[in-house]
Visitor: 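First the structure, then my questions, so here it is.
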Amino acid sequence: MITTKIPESEAELIARAQALAGLTLGEIARQEKIKIPKNLNKEKGWIGLLLEQVLGASAGSKPIPDFPHLGVELKTIPIDRHGKPLETTFVCVAPLTGLVGATWQNSHIKNKLSKVLWVPVISERIIPVADRIVGTPFLWSPSVEEEQLLAQDWQELTDMIVLGEVENIHGKHGQILQLRPKAANSQAKTKAFNKNGKPFMTLPRGFYLKTAFTQQLINRFLRIN
DNA sequence: ATCTGATCATTG
DNA sequence: CAATGATCAGAT
């Protein structure tokens with residue numbers, strides 16, 4: 001971010017991302033003069049931050065797209081050598097309050113997922129971080145069908161939150177989206193409302209895309225390209 | 001505490 | 001061995 005030029009167009013961003021395909025994280029980190037961790041135990045977001053920097057993301061930790069002028073969100077996705085996602089994909093924190101009048105259309109998550117540059121990284125744990133290879137990036141926007149599914153899941157999960165049932169939500173709710181803890185630890189607390197409309201403190205949650213869904217995206221783009 | 005970036009690690 | 005709950009670092 002400090003020395004990398006911000007991409008001026010979507011085409012430039014994609015070109016820059018495609019230029020990374022086939023490179024190892026070690027090669028990219030050396031180029032950026034970033035120290036490579038032995039594992040990701042203590043730096044779980046390291047790969048994402050590395051790619052943000054080399055691609056010129058400018059949003060920092062602000063709650064806006066990584067490339068605000070392009071409306072593009074950057075997401076790295078760990079895959080195995082066959083292209084299978086190794087983890088669910090965190091999207092954003094789930095609001096547990098202030099949901100009166102909330103709609104899918106005006107939701108933070110809808111905005112975040114409107115245009116995503118996916119950068120797969122072959123990231124099996126047995127492969128040293130420095131030797132992990134960047135795959136072929138692809139730009140994705142939800143199809144009508146995909147957005148329908150996202151909106152449906154968002155509505156179901158949001159309805160439960162509004163009804164004070166956030167603590168009854170489990171990973172199986174939602175077809176492609178799920179709600180799970182997203183916090184520093186299990187002691188973290190944020191405000192929510194119970195069934196009687198009374199405030200109480202609960203674990204912060206986030207929206208995640210299930211691996212079956214991201215697998216479909218990868219399959220589709222690998223087939224077309 | 002809350003948001004960004006996510007993956008770890010225990011469990012079923 | 002996938003899935004769900006737990007966790008780590010940094011900026012604000």
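Note that this is a predicted model, so its numbers are computed, not measured. Note on naming: letters A, B, ... go to the chains in the order of the sequence lines (proteins, then strands), and numbering restarts at 1 for each one. Because only heavy atoms are used, hydrogens play no part in the values below, and waters and symmetry mates are left out as well, while side chains stay in.
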Visitor: Does the side chain of A/K210 get closer than 4.0 angstrom to OP1 or OP2 of C/dA3 through an N or O atom?
Guide: no
Visitor: Checking side-chain polar atoms at under 3.5 Å, does A/W104 have a donor or acceptor matched by the opposite partner on A/E147?
Guide: yes
Visitor: Name the nucleic acid region contacted by A/P204, choosing base, sugar-phosphate or nothing; use a 4.0 angstrom heavy-atom cut-off, strictly under.
Guide: nothing
Visitor: Among B/dA6, B/dC8, C/dT7, which nucleotide has an atom closest to any side-chain atom of A/Y208?
Guide: B/dA6
Visitor: Whole angstrom is fine here: how far is it from CG in A/L209 over to C1' in B/dT7?
Guide: 16 Å
Visitor: What's A/A188 touching, base or sugar-phosphate or nothing? Going by heavy atoms closer than 4.0 Å.
Guide: nothing
Visitor: Please work out if A/T190 contacts a base, only the sugar-phosphate, or nothing of the nucleic acid, heavy-atom cut-off 4.0 Å.
Guide: sugar-phosphate
Visitor: Compare the minimum distances between each of C/dA3, B/dA9, B/dG5 and the side chain of A/N41, then state the nucleotide with the smallest one.
Guide: B/dA9
Visitor: Taking OP1 and OP2 of B/dC3, is either one under 4.0 Å from a side-chain nitrogen or oxygen of A/H108?
Guide: no
Visitor: With the side chain of A/K189 defined as its heavy atoms from C-beta on, choose the nearest nucleotide among B/dA1, B/dT2, C/dT4.
Guide: B/dA1
Visitor: B/dA6 P sits how many Å from A/I77 CD1, rounded?
Guide: 10 Å
Visitor: So, OP1 or OP2 of C/dA3: does either fall under 4.0 Å of a side-chain N or O from A/Q178?
Guide: no
Visitor: Using whole Å, report how far NZ of A/K191 lies from P of B/dA1.
Guide: 14 Å
Visitor: Run A/K75 and A/E52 through salt bridge (charged side-chain N to carboxylate O under 4.0 Å, His left out) and show every step you take.
Guide: CA-CA 9 Å; A/K75 286 255 162 259; A/E52 274 191 0; over 6 Å; no
Visitor: State, to 0.1 Å, how close A/I122 and A/R132 come at their nearest heavy-atom pair, and which atoms those are.
Guide: O-CB, 3.2 Å
Visitor: On the nucleotide B/dG5, are OP1 or OP2 found under 4.0 Å from the side-chain N or O atoms that A/K112 carries?
Guide: yes
Visitor: Between A/A183 and A/E87, which is nearer to the 5' end of DNA chain C once each is assigned its nearest nucleotide?
Guide: A/E87
Visitor: Salt bridge between A/K44 and A/E87, side-chain N to carboxylate O under 4.0 Å?
Guide: no
Visitor: Strictly distance-based, threshold 3.5 Å: is any side-chain N or O of A/D153 a donor or acceptor partner for the main-chain N or O of A/L150?
Guide: no
Visitor: Please determine, for the side chain of A/R180, which listed nucleotide (C/dA6, B/dG5, B/dT2) has the closest atom?
Guide: C/dA6
Visitor: OP1, OP2 of C/dT7 versus side-chain N and O of A/S186: anything below 4.0 Å?
Guide: yes
Visitor: So which nucleotide from B/dG5, B/dA6, B/dA1 ends up closest to the side chain of A/T76?
Guide: B/dA6
Visitor: Looking at C/dA2, I'd like to know if its phosphate oxygens (OP1 or OP2) sit under 4.0 Å from a side-chain N or O belonging to A/T211.
Guide: no
Visitor: In whole Å, I'd like the distance from the NE2 atom of A/H173 to the P atom of C/dG5.
Guide: 11 Å
Visitor: Can you check whether any acceptor in the base of C/dT7 is under 3.5 Å from a donor in the side chain of A/K44, or vice versa?
Guide: yes
Visitor: Does a distance-only test, which skips hydrogens and angles, find a donor-acceptor pair under 3.5 Å between the side chain of A/R125 and the base of B/dA9?
Guide: yes
Visitor: Could you tell me the separation between the CG atom of A/N111 and the P atom of B/dT4, rounded to a whole number of Å?
Guide: 11 Å
Visitor: Take atom NE2 of A/H170 and atom P of B/dG12, then tell me their distance rounded to the nearest Å.
Guide: 13 Å
Visitor: Just compare B/dT7, C/dC8, C/dA6 and give me whichever is closest to any side-chain atom of A/K182.
Guide: C/dC8
Visitor: 5'-most contact on DNA chain B: A/V91 or A/Q187, nearest heavy atom basis?
Guide: A/Q187
Visitor: So, are A/R81 and A/E124 salt-bridged, with charged N and O less than 4.0 Å apart?
Guide: yes
Visitor: Rounded to the nearest angstrom, tell me the gap between atom CH2 in A/W118 and atom P in B/dA6.
Guide: 9 Å
Visitor: Mind calculating the distance between CG (A/L179) and P (C/dA3) to the nearest angstrom?
Guide: 17 Å
Visitor: Within the 4.0 Å heavy-atom criterion, would you say A/G45 contacts the bases, only the backbone, or no part of the nucleic acid?
Guide: base
Visitor: Have A/R180 and A/T88 got a donor and an acceptor in their side chains that come within less than 3.5 Å?
Guide: yes
